[in-house]
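One structure below.
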Amino acid sequence: MKSFKYGPLLLLTILLFNCQQQPQEGSNYFRLNDQMLELISFFEKNAWDESKSTYLSEIDNEGKAMSDKIYTVASSRLIYGLSYASQSKSDYLMKAKKVANFQKEYLIGKDDQGAFSYSFIENKKLESPTHLDVWQQAYGLCGLSELYRQTKDATLLPTIHQLHNGFIGRFKDEEAKGLWGDFKIGEGGVTNSKSLQSLMYPLTAYMINLWEADKENKHLYEHQIAENVEMLYNIAWNKETQWVNVKFNDDWSVKKKSEGKYDFTVTPGHNFQLSALLLRTSKFDFLSKEKKQKYQSLGRKILDITLDKHYLFDDGNIINGFYSEVDPNTNEVLDTRKTWWQHAEAIIALSLYGGKYDQQQELLEDYFFTTFFDKQNGGEYFYVTENDTPITEELKGSIGKSTYHTIEMIRILNDF
């Protein structure tokens with residue numbers, strides 16, 4: 001009589017392990033997946049232009065295309081969403097590739113300083129830029145990076161590397177370190193353009209993703225990621241105001257008015273976004289253990305402090321959402337609307353803390369999908385009022401709004 005290769009106990013162990021690895025029906029994974037596909041379907045239904053093989057960008061609350069404009073950031077963020085969602089719906093991968101081909105053919109230019117992204121094309125006419133900004137240039141790489149992560153298609157790398165090299169070549173400040181916020185074509189970095197975003201967005205938009213995916217060329221990204229994170233640790237968090245510093249002078253000192261007040265407003269979303277970035281450094285194997293520990297410690301501190309700002313939250317509780325803009329000099333709430341992307345960043349930060357805020361995260365997820373998703377017309381609202389009434393005048397598709405922040409949140413909740 002032949003003996004079994006595996007004993008009953010081992011077979012049971014293997015079965016239980018496999019069950020644990022697979023998402024269970026009714027789990028949060030399936031709920032998030034359904035929301036992701038629902039969001040993409042709004043653009044599939046209302047924005048796809050078969051003649052152009054890409055999506056139009058400006059789409060109103062009910063799904064009507066408002067122009068023929070195709071923005072780089074909106075398109076790139078759709079590539080990101082479609083590429084990630086292709087794990088659940090394989091048809092989306094072909095759409096992601098078509099939009100990427102459109103981007104490569106029409107929305108990428110070159111000059112003596114390398115490749116760059118145009119802001120938009122309309123009726124086959126490109127803009128003639130005199131300035132480039134770090135936000136649009138960084139997010140121009142967002143979708144191609146995720147498409148490469150999903151496909152490992154080596155034919156994408158030349159375009160990705162050309163854009164990355166052009167980005168670093170233009171925006172990097174060799175003297176004061178970090179990155180300029182704006183670049184004047186033919187001249188250089190624009191004075192008074194340095195910001196929190198010019199340090200943080202390039203990392204969250206594409207560099208971290210490329211570092212994870214483009215392993216053979218990870219050296220292209222590691223130095224800039226490490227430099228920016230260290231600068232963010234040193235100058236982005238303001239111990240006095242307990243808010244992020246948003247604007248900087250050319251030497252990276254914090255921008256103030258002549259009377260000494262800080263010369264910017266702040267958003268809770270940027271507190272949460274900085275917290276999340278610092279917590280994500282736990283996976284950066286090119287950083288020392290000591291640096292990762294200090295970054296994560298500050299990331300948790302920022303989250304703790306922000307959650308303790310009860311005046312930000314409707315009824316003093318984060319599960320009812322939070323307001324959009326504050327004066328860091330006085331803590332006066334300047335805008336009581338609630339913004340979709342800021343809540344996505346808050347959920348990401350809560351999920352990365354390590355279990356302390358699991359309940360708040362779950363309740364805020366419920367609030368997010370209940371409040372910002374439009375069950376009647378599809379898509380998601382940019383803003384709602386203080387009382388959670390949708391602001392329907394704001395476009396659901398615009399220069400920077402398509403699928404990115406929500407699907408980035410879903411990806412991190414599923415994958416981190």
Side-chain angles (χ1 to χ4, degrees), residues 57 69-77 103-104 106-122 125-145 158-211 220-232 235-236 244-255 263-264 270 273 277 398-400 404:
S57 296
K69 282 185 178 178
I70 299 162
Y71 285 102
T72 285
V73 176
S75 295
S76 185
R77 289 176 163 186
Q103 180 184 358
K104 288 191 288 183
Y106 297 107
L107 290 169
I108 295 175
K110 290 183 181 179
D111 61 18
D112 292 343
Q113 292 172 298
F116 65 92
S117 294
Y118 290 103
S119 178
F120 66 90
I121 187 171
E122 184 176 20
K125 293 181 181 179
L126 281 166
E127 59 161 347
S128 298
T130 58
H131 290 74
L132 302 174
D133 68 80
V134 78
W135 175 68
Q136 294 188 78
Q137 298 305 309
Y139 276 105
L141 276 151
C142 174
L144 295 177
S145 301
T159 301
I160 289 172
H161 291 161
Q162 288 165 17
L163 283 170
H164 172 71
N165 292 336
F167 179 86
I168 296 297
R170 287 184 178 86
F171 289 97
K172 186 171 178 58
D173 184 345
E174 297 290 354
E175 295 183 7
K177 296 186 177 181
L179 301 166
W180 296 97
D182 292 298
F183 178 86
K184 187 172 183 179
I185 294 175
E187 295 188 17
V190 176
T191 191
N192 291 320
S193 68
K194 290 181 176 178
S195 67
L196 175 74
Q197 293 92 321
S198 64
L199 289 177
M200 187 160 60
Y201 283 8
L203 308 192
T204 57
Y206 85 93
M207 281 191 205
I208 294 172
N209 214 13
L210 274 183
W211 171 76
L220 294 176
Y221 322 110
E222 287 180 346
H223 174 76
Q224 198 62 55
I225 294 172
E227 179 175 290
N228 282 26
V229 170
E230 181 68 12
M231 293 181 70
L232 287 164
I235 67 174
V244 288
N245 292 316
V246 175
K247 292 183 180 180
F248 299 91
N249 298 307
D250 293 352
D251 63 357
W252 291 109
S253 58
V254 183
K255 190 171 284 295
D263 192 16
F264 48 81
H270 281 136
Q273 194 172 26
L277 173 58
S398 60
I399 179 173
Y404 172 71

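No experiment lies behind these values; they were computed from the predicted model shown.
Heavy-atom minimum distance, D173 versus K194: OD2-NZ, 2.6 Å. Residue L196 comes nearest to A236 through the heavy atom pair CD1-CB, 3.8 Å, listed as atom of the first residue, atom of the second, then distance. Nearest heavy atoms, K110 versus A115: CG-CA, 4.0 Å. In plain terms, the two heavy atoms of G143 and S76 that are nearest each other are N-OG, 2.8 Å. Residues V190 and H131 share a closest heavy-atom pair of CG2-CD2, 3.9 Å. Counting all heavy atoms, side chain and backbone alike, I225 lies closest to W211 at CD1-CB, 4.0 Å.
For W180, there are no ring pair (Phe, Tyr, Trp, His ring centres under 6.0 Å) partners at least two apart in sequence or on another chain. Applying the ring pair (Phe, Tyr, Trp, His ring centres under 6.0 Å) rule to F171 yields the partners F167; only residues at least two apart in sequence or on another chain are considered. Looking at residues two or more places apart in sequence or on another chain, you find a ring pair (Phe, Tyr, Trp, His ring centres under 6.0 Å) between F116 and Y118. Residues that satisfy the side chain to side chain contact (heavy atoms under 4.5 Å, CB included) test with K255, not counting sequence neighbours, are N192, K247, N249, D263. Residues passing the side-chain hydrogen bond (donor to acceptor under 3.5 Å, both in side chains) test with Y139: none are found, sequence neighbours excluded. For K172, the side chain to side chain contact (heavy atoms under 4.5 Å, CB included) partners at least two apart in sequence or on another chain are I168, E174, L179, H223, Q224, E227.
At least one side-chain heavy atom of L141 sits under 4.5 Å from a side-chain heavy atom of I160. For the pair N245/I235, no side-chain contact is recorded, criterion being any heavy-atom separation below 4.5 Å from C-beta on. Residues S117 and L107 form no side-chain contact, since every pair of their non-hydrogen atoms from C-beta on lies 4.5 Å or further apart.
A salt bridge links D111 with R170: the distance from a Lys NZ or Arg NE/NH1/NH2 to an Asp or Glu carboxylate oxygen falls below 4.0 Å.
A distance of 8.0 Å separates NZ in K69 from CD1 in I399, rounded to the nearest 0.5 Å.
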Report task. Begin with the C-alpha distance, continue with both residues' side-chain angles, and end with the deciding distance and a verdict on side-chain contact (heavy atoms from CB on, under 4.5 Å) for Y71 and S119. Result -> CA-CA 6 Å; Y71 285 102; S119 178; 4.1 Å; yes
Query raised in the report: Could you go step by step and tell me if W135 and V73 meet the side-chain contact (heavy atoms from CB on, under 4.5 Å) rule?
Result: CA-CA 9 Å; W135 175 68; V73 176; 3.9 Å; yes
